[in-house]
Number of protein chains: 2
Amino acid sequence: MSISKCEQCIVRQFSSLKALTKDELLRMANCKTSYTIKKGEPIFEEGEVTNGVYCIKEGVCKMTKLSANGKDQIVKLVKSGEMLGQRSMISEEPANLSAIALEDMEVCFVPKAEIMQFFNQNNQFSLNIMRTICGDLKEADDQMVSMAQKSVKERLAQTLIYLEDTFGNNEDGSLRIQLSREELAGIIGTATESCIRLLSDFNKSELIAISGKKIIIKNKKELRKLSE
Amino acid sequence: MSISKCEQCIVRQFSSLKALTKDELLRMANCKTSYTIKKGEPIFEEGEVTNGVYCIKEGVCKMTKLSANGKDQIVKLVKSGEMLGQRSMISEEPANLSAIALEDMEVCFVPKAEIMQFFNQNNQFSLNIMRTICGDLKEADDQMVSMAQKSVKERLAQTLIYLEDTFGNNEDGSLRIQLSREELAGIIGTATESCIRLLSDFNKSELIAISGKKIIIKNKKELRKLSE
DNA sequence: TTTAGAATATGATTTTTATCATACTTTAAA
DNA sequence: TTTAAAGTATGATAAAAATCATATTCTAAA
């Protein structure tokens, strides 16, 4: 069984890990554990003590939090090349959010001890991690303002644009990432029926086209206007 | 004119600065600038390049963001002993939020160059800053879920409890921090009239007592139940 | 293939929240 | 002190969104 090198890994290219030296990467390759996560399965769940970080080699997952009324709010989507669990690791707290696979995934787990060693000895690495978390904080603040001040329609338009810009399209032009209506509602923070209804409206006014689960953005300009 | 020492400062006791050595504190005392900010005035505003951090020696301020519809959303309240502007400093971006004094304040400005030096040479200091930002991120995520999933009534109850727990009471039992109805609405993310109306309801059902701007929490237990 | 269960869709209705209008009260400046 | 402006309060109404009810379509397991 060969241990795949971290050096060529997509996560290495796009995340804080790009600051690691060859030596550090080798150390990481030796202590990491690779997992395959099936669509719908959790990588970790809210309240769990993770004791390390996860590198996403392949696939997309949703970060959710169960609210008091029993609905899952999707706080964030995370795609390949990114890392999970840094916040809990640094805060030394259990996970605040669950990470659930939206498609089949390949992830690597790197134990906390290893990461913290890099963190303490490699200044650029720790600065990178901090920048990532700072970026997350800015996004979270912005999203909070959206939730508080925008209508459901505006948030749906915004989310559709975000999905296209972040995850791209299939050959037929439809959004590459396919969410159930319930999940889409979970991102924008509304009832599933309201989300479905608004999608129908967008469809009727030819902002989007719907065929089954597939959604095609037909008039991005207008949709962007709607989202403001 | 005497330069007040940072050593005894409240900010030093409660913030990341507690990790600084005596020598570092002395350096900071020599490069800091002290300001008095009057109630209602900004410490800095959204989009401004701050080039340093602010230590809050005295007073409370609101962190706001102007939304597309022209309303100010209050993202967070910050009180004496805390620091402002770390996120922008680390991200090397302009401020994402405005900081406006809710009461007369005393703050000190410490230039970025100085902070980054501590940051690079003092591991515990940088870890402390990171923990602070990680804490902010967790709070922001949680608040986002509240905004998305809770009713205005629940959010008002939650906010009143938060205000008492965080800022305490005056001798007469009223909330120490006094917000206008508009500001309170800006925290919970609703229209000012809706906020006023719900306060009236809470008053009628004897959860709180209102006299002018003063609010007294009379039935915290019930209020806490309402907030869930 | 049949078929049960889940997901999607849509109508009807209720609840929540925003908006507009207006009155009252407090505050601070002339 | 008076007075204008801002803040607070409340009613009436409209708009937005949730909920409940059903129907339809899709999907995967028997």
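Nothing here was measured: the structure is a model prediction, and the numbers come from that model. Order of the sequence lines fixes the chain letters, A, B, ..., with proteins taken first and strands second; residue numbering starts at 1 for each chain. Heavy-atom basis, side chains included; hydrogens, waters and symmetry copies ignored.
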Student: Partners of B/Lys214 by side-chain hydrogen bond (donor to acceptor under 3.5 Å, both in side chains), sequence neighbours excluded?
Tutor: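 Counting only residues at least two positions away or on another chain, B/Lys214 forms no side-chain hydrogen bond (donor to acceptor under 3.5 Å, both in side chains).
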
Student: Between the opening five pairs and the closing five pairs of the helix from C/dT1-D/dA30 to C/dA30-D/dT1, how far apart are the helix axes, to 10°?
Tutor: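 Axis angle across the helix from C/dT1-D/dA30 to C/dA30-D/dT1, nearest 10°: 40°.
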
Student: With sequence neighbours left out, what residues match B/Ser98 under side-chain contact (heavy atoms from CB on, under 4.5 Å)?
Tutor: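 Checked B/Ser98 against side-chain contact (heavy atoms from CB on, under 4.5 Å); matches are B/Glu45, B/Glu46, B/Thr64, B/Ile100.
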
Student: Give a yes or no answer on whether the side chain of A/Arg155 reaches the backbone of A/Gly189 with a donor-acceptor pair at less than 3.5 Å.
Tutor: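 Judged by distance alone, yes, a pair lies under 3.5 Å.
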
Student: My understanding is that only residues two or more places apart in sequence, or in another chain, count here; which of them pass ring-ring contact (aromatic ring centres under 6.0 Å, His included) with B/Phe202?
Tutor: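 Partners of B/Phe202 by the ring-ring contact (aromatic ring centres under 6.0 Å, His included) criterion come out as none, since no residue qualifies.
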
Student: Name the one of A/Tyr54, A/Tyr35, A/Phe44 that satisfies ring pair (Phe, Tyr, Trp, His ring centres under 6.0 Å) with A/Phe109?
Tutor: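 That would be A/Tyr54; it is the only one of A/Tyr54, A/Tyr35, A/Phe44 passing the ring pair (Phe, Tyr, Trp, His ring centres under 6.0 Å) with A/Phe109.
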
Student: Whether the A/Asp142 and B/Asn96 side chains hold a donor-acceptor pair (N or O, under 3.5 Å, no angle test) is what I'd like checked.
Tutor: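 Looking only at side-chain atoms, B/Asn96 and A/Asp142 do form a donor-acceptor pair, the distance falling under 3.5 Å.
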
Student: Per the side-chain hydrogen bond (donor to acceptor under 3.5 Å, both in side chains) rule, what does the pair list look like for residues 218-228 of chain A, sequence neighbours excluded?
Tutor: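 Listed once each, the pairs are A/Glu164-A/Lys220, A/Asp165-A/Lys220.
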
Student: Among residues at least two apart in sequence or on other chains, which ones pass side-chain contact (heavy atoms from CB on, under 4.5 Å) with A/Asn51?
Tutor: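 Expected list: A/Val49, A/Lys112.
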
Student: A/Gln86: what forms a side-chain hydrogen bond (donor to acceptor under 3.5 Å, both in side chains) with it, not counting sequence neighbours?
Tutor: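 Not a single residue meets the side-chain hydrogen bond (donor to acceptor under 3.5 Å, both in side chains) criterion with A/Gln86.
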
Student: I'd like to know if A/Glu82 and A/Lys57 make a salt bridge, using a cut-off of under 4.0 Å between side-chain N and carboxylate O.
Tutor: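 Looking at A/Glu82 and A/Lys57, the cut-off is not met.
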
Student: Reading DNA chain C from 5' to 3', where do the contacts with chain A start and stop? Cut-off is 4.0 Å to heavy atoms.
Tutor: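 On DNA chain C, the outermost contacted nucleotides are C/dA7 to C/dA12.
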
Student: When you measure from every atom of DNA chain D, which of residues 62-79 of chain B have a heavy atom less than 4.0 Å away?
Tutor: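 Going residue by residue through residues 62-79 of chain B, none turns out to have a heavy atom under 4.0 Å of DNA chain D.
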
Student: Who pairs with B/Glu139 by side-chain hydrogen bond (donor to acceptor under 3.5 Å, both in side chains), at least two apart in sequence or on another chain?
Tutor: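 For B/Glu139 there are no side-chain hydrogen bond (donor to acceptor under 3.5 Å, both in side chains) partners, ignoring immediate neighbours.
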
Student: Only counting residues at least two apart or in another chain, list the ones meeting side-chain hydrogen bond (donor to acceptor under 3.5 Å, both in side chains) with A/Asp72.
Tutor: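 A/Asp72 satisfies side-chain hydrogen bond (donor to acceptor under 3.5 Å, both in side chains) with no other residue.
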
Student: For a quick check, with a 4.0 angstrom heavy-atom cut-off, what is the B/S/- contact string for nucleotides 8-14 of chain D, read 5' to 3'?
Tutor: SBBBB--

